[in-house]
Amino acid sequence: MLDGCGEKAIRQRCFYRRADGKLPLKQGCSRVSCLDMAKDKGLTPQAQDFSEWYLEAIQRADMVDYGPVRGTMVIKPYGFALWENIQRELDRMFKETGHQNAYFPLFIPVSFFQKEAEHVEGFAPELAIVTHAGGQDLEEPFAVRPTSETVIGHMWANWIKSYRDLPQLLNQWGNVVRWELRPRPFLRTTEFLWQEGHTAHATQEEAEEETHRMMGVYATLFREFAAIPGWEGKKTESEKFAGAVYTISYEAMMRDGKSLQSCTSHYLGQNFAKAFEIKFQDKDLEAKHVHTTSWGFSTRSVGAVVMAHGDDKGLIMPPRLAPIQIVVVPIYKQDTREQVVPAAESLTARLKSAGLRVHLDDRDQHSPGFKFNEWELKGVPYRIELGPRDVEAGTAVLASRLGGKETVGLDGLSSLIPARIESFHRALYQRALEFRDAHTFVVDDYQAFQAKVEEGFVKAFHCGEKECEKQIKEETKATTRCVPFDEPEASGKCIRCGKPNGYGRRILFARAY
RNA sequence: CGGGGAGUGGCGCAGCCCGGUAGCGCACCUGCUUUGGGAGCAGGGUGUCGCAGGUUCGAAUCCUGUCUCCCCGACCA
């Protein structure tokens with residue numbers, strides 16, 4: 001029999017499928033589909049298997065590879081470039097809101113985690129603990145940080161004496177480790193990169209204001225840069241951060257209708273202040289505990305960008321964050337090469353000096369068609385095709401990743417592209433918003449709830465009891481995502497148990513990553 | 001940790017039942033012809049067959065042990 005893509009290959013992301021999208025037969029496929037490869041090098045369609053699509057898309061776009069230890073990943077240059085662009089914008093906004101960067105140690109004494117009851121309970125199962133170092137067992141084992149509230153609290157206890165030392169507005173860029181049982185690249189990895197902000201304030205009001213302000217920064221990043229609409233709202237008791245008084249999150253919808261908790265901001269009250277004795281003397285001469293906050297945004301957001309915008313051709317990069325905003329593909333035969341390539345080079349140089357992130361794909365070993373597909377897979381917003389006919393006419397073909405080609409004059413390109421990038425951003429956001437709204441349902445009976453939660457987000461009333469929430473999760477796989485801030489006040493009966501609603505409005509449910 | 005599957009060139013697989021010294025496709029390298037939507041031909045390199053024992057004249061293949069990975073469930077940015 002023929003060999004090639006057996007059944008296992010289908011499951012384990014052999015990239016070659018039949019052109020009709022059907023799974024090849026176990027044996028017949030084999031070579032048949034392999035012969036089809038030349039014709040069909042596409043991704044698994046999203047509608048067929050979204051999670052398979054995701055894994056193929058990020059690997060073939062060359063963003064990521066698996067690390068040797070389970071649950072770890074290598075972020076390759078193309079993926080890291082996206083993260084760097086996210087970092088740059090966030091870091092700028094953190095500084096604009098008065099924060100300073102600092103760095104706290106990776107290793108934290110295990111005993112620190114035991115000082116805050118909820119915190120220890122929440123994080124104990126996923127702590128990686130070092131018990132052996134320097135050739136011998138350690139007297140006191142230390143944890144690899146899963147988050148830094150405890151070390152920072154410990155340091156603050158020394159640093160903060162007076163109300164004059166407040167507020168503390170700190171941010172740290174770094175890595176954390178959480179021993180995850182079911183990892184997926186970007187979405188859930190054992191080690192991940194993030195930013196964690198930590199602030200300490202004299203009053204509750206000020207700390208709560210900070211909690212919301214920073215969620216606002218995150219929302220700006222998502223809406224204005226990543227073009228991802230979402231819902232901001234408060235987490236229910238069972239979904240909040242371990243050790244927080246309350247948690248607010250940004251819930252974004254992926255193209256399979258599932259929710260991705262894309263970042264969180266916590267009001268920690270005086271929980272950590274009491275556990276770590278962070279006290280200050282106030283103006284009224286009283287000794288008081290500070291109020292703290294923390295807020296985090298991780299490389300998970302890279303997964304959000306992929307899953308919120310991508311289509312069957314691959315990624316679609318939001319242009320304000322795209323590592324490459326425009327790719328120039330010269331098209332030539334041997335005898336026209338000398339004519340086309342220099343023109344493409346000078347066009348690239350002009351676009352670069354207009355402040356755009358441009359790449360000239362002058363590889364000789366690939367055909368233009370191959371390059372078109374590859375850059376579409378990588379999600380580059382705009383492509384400029386430049387061939388001999390164009391050079392002669394002083395034009396170029398401008399192709400958008402959202403569809404459509406047009407012939408444009410070479411002279412005006414440097415001023416045309418920035419405007420196009422802005423309209424691309426708006427169109428991408430609009431597209432995501434329409435998708436989100438088309439997949440969000442207001443529901444009042446449990447049967448409809450069960451049906452709709454398979455298609456997207458559901459807004460419904462809930463009693464607010466943990467046990468009831470748990471039942472819903474078991475029965476539908478859906479969890480409470482948040483109590484959205486912009487949801488109008490209303491009253492009604494709990495979708496499942498019929499008791500009076502506990503939040504004064506409908507809350508958001510969805511299956512989540 | 002419970003249930004299922006798999007470890008063979010970079011990737012995906014065949015070979016194993018019935019032991020005889022490893023093969024296919026893709027990728028990669030070289031050359032020529034190509035290049036406006038995934039190019040063609042010719043030549044070439046690539047393996048401690050997951051690891052450790054055992055059986056045997058001989059093990060990818062049979063036996064024992066062990067490790068790892070993937071999928072499904074309970075935790076999470």
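Bear in mind that the values here come from a model prediction, so they are computed numbers and not experimental data. Note that these values count all heavy atoms, side chains included, but never hydrogens, waters or copies made by symmetry.
Applying the ring pair (Phe, Tyr, Trp, His ring centres under 6.0 Å) rule to A:Tyr332 yields no partners; only residues at least two apart in sequence or on another chain are considered. With sequence neighbours excluded, no residue forms a side chain to side chain contact (heavy atoms under 4.5 Å, CB included) with A:Pro342. Considering only residues two or more places apart in sequence or on other chains, A:Lys466 meets the salt bridge (charged side-chain N to carboxylate O under 4.0 Å, His left out) condition with none of them. Under the side chain to side chain contact (heavy atoms under 4.5 Å, CB included) criterion, A:Arg363 pairs with A:Asp361, A:Gln365, A:His366, A:Lys371, A:Glu374, A:Trp375, not counting sequence neighbours. In this structure, the ring pair (Phe, Tyr, Trp, His ring centres under 6.0 Å) partners of A:His462, at least two apart in sequence or on a different chain, are A:Phe509. Partners of A:Leu416 under the side chain to side chain contact (heavy atoms under 4.5 Å, CB included) rule, at least two apart in sequence or in another chain, are A:Leu398, A:Val408, A:Leu413, A:Arg420.
Annotation: B:rG19 and B:rC1 have their C1' atoms spaced 39 Å apart (nearest Å). Nucleotides B:rC17 and B:rU61 are separated by 9 Å at their P atoms, to the nearest Å. Distance check on atom C1': B:rC18 versus B:rG65 gives 26 Å, rounded to whole Å. Straight-line distance between the P atoms of B:rC51 and B:rG10: roughly 13 Å, to the nearest whole Å. Here the separation of B:rG12 from B:rA52, taken at their C1' atoms, is 28 Å to the nearest Å. The same atom, C1', is picked in B:rA74 and in B:rG2; the two are 10 Å apart, to the nearest Å. Here, B:rG15 and B:rG9 have their C1' atoms 15 Å apart, quoted to the whole Å. Spacing of C1' atoms, B:rU8 relative to B:rG50, comes out at 10 Å, to the nearest Å.
Classification of the A:Trp83-A:Trp173 ring pair by plane angle, with boundaries at 30° and 60°, yields perpendicular.
Residue-level contact check: A:Thr189 touches the bases, meaning some heavy atom is under 4.0 Å from a base atom. Here A:Arg363 lies out of heavy-atom contact (under 4.0 Å) with every strand.
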Polar pairs (N or O, both sides) under 3.5 Å between protein and nucleotides 67-69 of chain B?
none

Taking N or O atoms only and anything under 3.5 Å, show me the protein contacts with nucleotides 73-75 of chain B, one pair per line.
{"residue": "B:rG73", "atom": "OP2", "partner": "A:Arg182", "partner atom": "NH1", "Å": "2.9"}

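Nucleotide B:rU56 is matched to nothing when pairs are restricted to Watson-Crick or G-U wobble geometry with both distances under 3.5 angstrom. Figure legend. B:rU21 is base-paired to no nucleotide; pairs are counted as Watson-Crick or G-U wobble with both atom distances under 3.5 Å. Base pairing analysis places B:rU66 opposite B:rG50; the two distances defining the Watson-Crick or G-U wobble pair are each below 3.5 Å. Remark: B:rC76 base-pairs with no nucleotide in the shown strands. Criterion, Watson-Crick or G-U wobble with two distances under 3.5 Å. The base-pairing partner of B:rC28, taking Watson-Crick or G-U wobble contacts with both distances under 3.5 Å, is B:rG44.
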A:Val245 vs A:Asn271, side-chain contact (heavy atoms from CB on, under 4.5 Å): CA-CA, chis, key distance, verdict: CA-CA 8 Å; A:Val245 172; A:Asn271 293 348; 4.1 Å; yes
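Residue ring and base: A:Phe370 does not count as stacked with B:rA39 (centre distance below 5.5 Å and interplanar angle below 30° not both satisfied).
Atom P of nucleotide B:rC11 and atom CG of A:Leu55 are separated by 17 Å, given to the nearest angstrom. B:rC76 atom P lies 13 Å from atom CG of A:Leu127, rounded to whole Å. The distance between atom NE2 of A:His266 and atom C1' of B:rC76, rounded to the nearest whole Å, is 12 Å. As a whole-Å value, the separation of A:Lys378 NZ from B:rG38 C1' is 15 Å. The separation between A:His119 atom NE2 and B:rA77 atom C1' is 14 Å, rounded to whole Å. Between the P atom of B:rC71 and the CG atom of A:Asp49 lies a distance of 11 Å, rounded to the nearest Å. Going from atom CZ of A:Arg184 over to atom P of B:rA77 covers 16 Å, rounded to whole Å.
Donor-acceptor pairing under 3.5 Å, judged by distance alone, is absent between the side chain of A:Ser367 and the base of B:rA39.
You'll find that the side chain of A:Arg300 is closest to B:rA77, out of B:rA77, B:rU34, B:rG38. Here B:rG37 is the nucleotide among B:rG38, B:rA77, B:rG37 with the atom lying nearest to any side-chain atom of A:Phe372. Candidate nucleotides B:rA77, B:rG36, B:rG37 were compared by shortest atom distance to the side chain of A:Glu376, and B:rG37 ranks first.
Within residues 213-235 of chain A, no residue approaches RNA chain B, by heavy-atom distance under 4.0 Å. Heavy-atom distances under 4.0 Å link RNA chain B to A:Glu385, A:Gly387, A:Pro388, A:Arg389, A:Asp390, A:Val397, A:Lys405 of residues 384-411 of chain A, given in residue order. Less than 4.0 Å separates RNA chain B from at least one heavy atom of each of the following residues of residues 320-339 of chain A: A:Ile331, A:Tyr332, A:Lys333, A:Gln334.
Here A:Lys235 pairs with A:Glu251 in a salt bridge; the nearest charged N to carboxylate O distance falls below 4.0 Å. At a threshold of 4.0 Å, the pair A:Arg401-A:Asp311 counts as salt-bridged, since one of the basic side-chain nitrogens sits closer than that to a carboxylate oxygen. The residues A:Arg383 and A:Glu376 are annotated as salt-bridged, a charged nitrogen and a carboxylate oxygen being separated by less than 4.0 angstrom. By the 4.0 Å N-to-carboxylate-O rule, A:Glu385 lies close enough to A:Lys405 to be salt-bridged with it. Ion pairing between a basic and an acidic side chain is recognised when a charged N comes within 4.0 Å of a carboxylate O; A:Arg320 and A:Glu89 show no such pairing.
A:Arg178 forms a cation-pi arrangement with A:Trp194, by the criterion of a distance under 6.0 Å to the ring centre and an angle within 45° of the ring axis. Cation-pi check for A:Lys115 over A:Phe112 is met; the charged atom lies under 6.0 angstrom from the ring centroid and within 45 degrees of its normal. A cation-pi geometry, defined here as NZ or CZ lying under 6.0 Å from the six-membered ring centre and within 45° of its normal, does not hold between A:Lys240 and A:Tyr246.
Each of A:Phe186 and A:Pro183 was matched to the nucleotide of RNA chain B holding its nearest heavy atom; the match closer to the 5' end belongs to A:Pro183.
Environment of CD in A:Glu121: sparse, with no more than 12 heavy atoms of neighbouring residues, nucleotides or ligands closer than 6.0 Å.
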List the atom pairs, donor and acceptor, that lie under 3.5 Å between side-chain atoms in residues 210-219 of chain A and the rest of the protein, sequence neighbours left out.
{"residue": "A:Glu210", "atom": "OE1", "partner": "A:Arg213", "partner atom": "NH1", "Å": "2.6"}
{"residue": "A:Glu210", "atom": "OE2", "partner": "A:His99", "partner atom": "NE2", "Å": "2.7"}
{"residue": "A:Thr211", "atom": "OG1", "partner": "A:Ala207", "partner atom": "O", "Å": "2.9"}
{"residue": "A:His212", "atom": "ND1", "partner": "A:Glu208", "partner atom": "O", "Å": "3.0"}
{"residue": "A:Arg213", "atom": "NH2", "partner": "A:Glu209", "partner atom": "OE2", "Å": "3.0"}
{"residue": "A:Tyr218", "atom": "OH", "partner": "A:Gln195", "partner atom": "OE1", "Å": "3.4"}
{"residue": "A:Tyr218", "atom": "OH", "partner": "A:Gln195", "partner atom": "NE2", "Å": "2.8"}
{"residue": "A:Tyr218", "atom": "OH", "partner": "A:Trp295", "partner atom": "O", "Å": "3.3"}
{"residue": "A:Tyr218", "atom": "OH", "partner": "A:Gly296", "partner atom": "N", "Å": "3.1"}

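Between the side chains of A:Glu56 and A:Thr44, at least one donor-acceptor pair of N or O atoms lies under 3.5 Å.
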